[in-house]
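None of the values given here were measured: they were computed from a predicted structure. Just so we're on the same page: letters track the sequence lines, and every chain starts at 1.
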Amino acid sequence: MRVETYQKAPSAFARNAPGYLFLLPWFIGFFGLTLGPAIVSLYLSFTDYNLLQAPHLVGLDNYARIATGDDKFISSMKVTLFYVVCSVPLKLAFALMVALLLNRGIRGLPIYRAIFYLPSLLGSSVAIAVLWRQIFDGDGVVNTLLWYVLGINGPSWISNPNYSLYTLIILAIWQFGSPMIIFLAGLRQIPTDLYEAASLDGASKARIFFKITLPLLTPVIFFNAVVQTIDAFKAFTPAYVISSGTGGPIDSTLFYTLYLYQEAFGYFRMGYAAALAWVLVIIIAVFTAFSFLSARYWVHYDD
Amino acid sequence: MTLTIDRRQLLAGMAATLAFSGIGLNRANAATSMRLLWWGSKERSDRTFAAVKAYQAKNPDVTIAGESFGWDSYWTRLATQTGGGNAPDLIQMDYRYIFEYARRGALLDMTPYLGKSLAIEDFGAPNINSGKVDGKIYGVNLGVNSSMVVVNVAAWQEAGVEPPHDGMTWEQLGEACAKVTAAKKRRGFYGTADQSGGEPDFECWLRQRGKALYTSDGKLGFEAKDAAEWFSFWDHLREIGACVPADVQALYKQTLETDMLVTKKAAVSYAFSNQFVAIQGLVKEKIDLIAYPSDPGSKPGQYLKPSMLMSVSATSANKDAAVAFVNYLVEDPEGAKILGVERGVPASPKIRDLLTPDLDATSKQVVDYIGRLTPKVGALPPSPPNGAGENAFLLKKIAEEVAFGKTSAQDAGAKFTEQAAANITRG
């Protein structure tokens, strides 16, 4: 073989080829599994596709039904909004509280961090939802405790429409680990000299928290709020498992995604379900845009 | 090193490649390979695989790959496979879904095979018709089935009340159940499950009054006042303490494991007769099965239905072979014996006689029940319209609203009728 005595400058593409090669799995995944199906689903949302026959275009019929005459759309939206509004702030407050406790430099911190983070890893799994169902069952752990400690004969929490949604909200709060870790990282970013100066001035603990910690933490709070809100809108597994896919009793746990799933795979209305999915995309986009607009009034970036 | 290929060698090589691939193709065509999909328990899977194995031993050129899922994921799986043009050749079908699949062109019309490779004439007209949609055979009955009332005999004896029997009225059954609750022999134990949200039960009640869930032209076959009376009857049972409270009933998730009798909340529950063996397997105490209650002078409410059907995909590449296998399952002594009565009592009298002597006591109870019930049943109801599947869930939801005291029985009747009609209009 001939030895090259000089090197031609490689083209930009050739120089970056290894990079593209390593990105290839991501490209395949993104175009094949995310963008492609998304475009197909947008198309299907304008059809009456029932999985078994070829789809027919029906124009805006599906969207018109959502906008005008679908009680279940409204009731599932109400359930989901209630879930988002209750679970997200409580979860963030809880996460922040635990992060503050852990930030005090206690011994064995990594172990606590791991333990508190664990529910977040397991939380959306089927196993945990099944466990939750048993805990809040009529003869479950909660009622057994109530009986022995307080002598109260508790209701079956998951099967009573007055309480069932709250058990799911508690389940969501319990999965506070991932925002907690982010809060912890945010707390570490706050310069210690600010605290030293404040304590020299004799500021109270509450005052330090509200005047230093909280304002400097707002970017992290904002990030957590946006991510958790999007997650809460998409919640599916716990409601599916706890109500066995029905959203019952009396549609009290009929999350939006669960309703969408029922329409698609229960009643073969794939086109309508696709339209529901796109409406959810729009709702999440509006919420996120609103969060970003409001951010300029309460998020402080340290500069 | 250079590799040189002259033209002659190249041609020879290409010819050889073509020839070999040709052999490969021919072999693939000669061997018939099919896929079979079903839902159900491990017991059912073992029996099904055994039948497939026995069939393959007799027909060495046929291979059948089997897959089994739970009820819920089964329908998702089947719908996506069918939608993706990848439907299994052999499909275990349910009476609730056969209309949806057949009318949407997913199933093979087996009528031309009748009397030839599909020798099921001895099923009799009702059992052949149970697999028909719009006059054509789209499914073959894998077992005869009917609704039943399950009775925990031991719990009744313990309460000192005579266990219910065939021929009671609804009111008598309710009063007897109230006595079981009142006896308070067990903690949190009631006479009967709350079946106000059960579609088969509501249908039976309607038929006894000369009404139906759906008419043959796909409309509702009952009025608001019928539904209201049904809800009030159960309200009455709740008042006299005969049935379980609403939040206990809501724990029932349409599975045998959560059945009120299995979870020891009630002495009576309601299911289908092919589930009796499985329920007995889950309950240690002795249980019995009886017909639904009926008032004097009422029409037959119950009917015989296929517990499940076997269908062939309309897009199958091996339609003839698939139909031959279906016939093996229901008419060949070998295949039928392997399946037993796990999918219901065989429709063919010849096969039924062949199986009966070897059955265990619990299975015999079921065969005896179907025999006892057959003279008293009515005709199979007309095929439900598209969208009817949703109404089963609607009934459950509205029945829960009444049970939890959120709606009156009167309002619930009107609400159910109105929304059920809207669902079938939408299809």
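- Heavy atoms from other residues, nucleotides or ligands lying under 6.0 Å from NZ of B:K264 number more than 12.
- Among residues 393-411 of chain B, the residues having any heavy atom closer than 4.5 Å to a heavy atom of chain A are, in sequence order, B:F393, B:K397, B:E400, B:E401, B:F404, B:K406.
- No more than 12 heavy atoms of other residues, nucleotides or ligands shown are found within 6.0 angstrom of CZ on A:F94.
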* To do: Could you give me the CA-CA distance, side-chain angles and deciding distance for B:T76 and A:Y261, then say whether side chain to side chain contact (heavy atoms under 4.5 Å, CB included) is met?
  => CA-CA 10 Å; B:T76 319; A:Y261 174 86; 3.5 Å; yes
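- Contacts between A:Y272 and chain B at a heavy-atom distance below 4.5 Å involve the side chain alone, from C-beta outward.
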* To do: For the pair A:F265 and B:T80, evaluate side chain to side chain contact (heavy atoms under 4.5 Å, CB included) and give the outcome as yes or no after the intermediate values.
  => CA-CA 9 Å; A:F265 293 106; B:T80 40; 3.5 Å; yes
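- Contacts from residues 90-103 of chain B to chain A, taken as heavy-atom pairs separated by less than 4.5 Å, involve B:Y97, B:E100, B:Y101, B:R103 in sequence order.
- Taking a 6.0 Å sphere around CD of B:E285, one finds it holds more than 12 heavy atoms contributed by other residues, nucleotides or ligands.
- Within the 4.5 Å cutoff, the side chain of A:R269 has heavy atoms near those of the B:E390 side chain.
- Among the candidates A:M270, A:Q262, A:E263, the residue making the largest number of heavy-atom pairs closer than 4.5 Å to chain B is A:E263.
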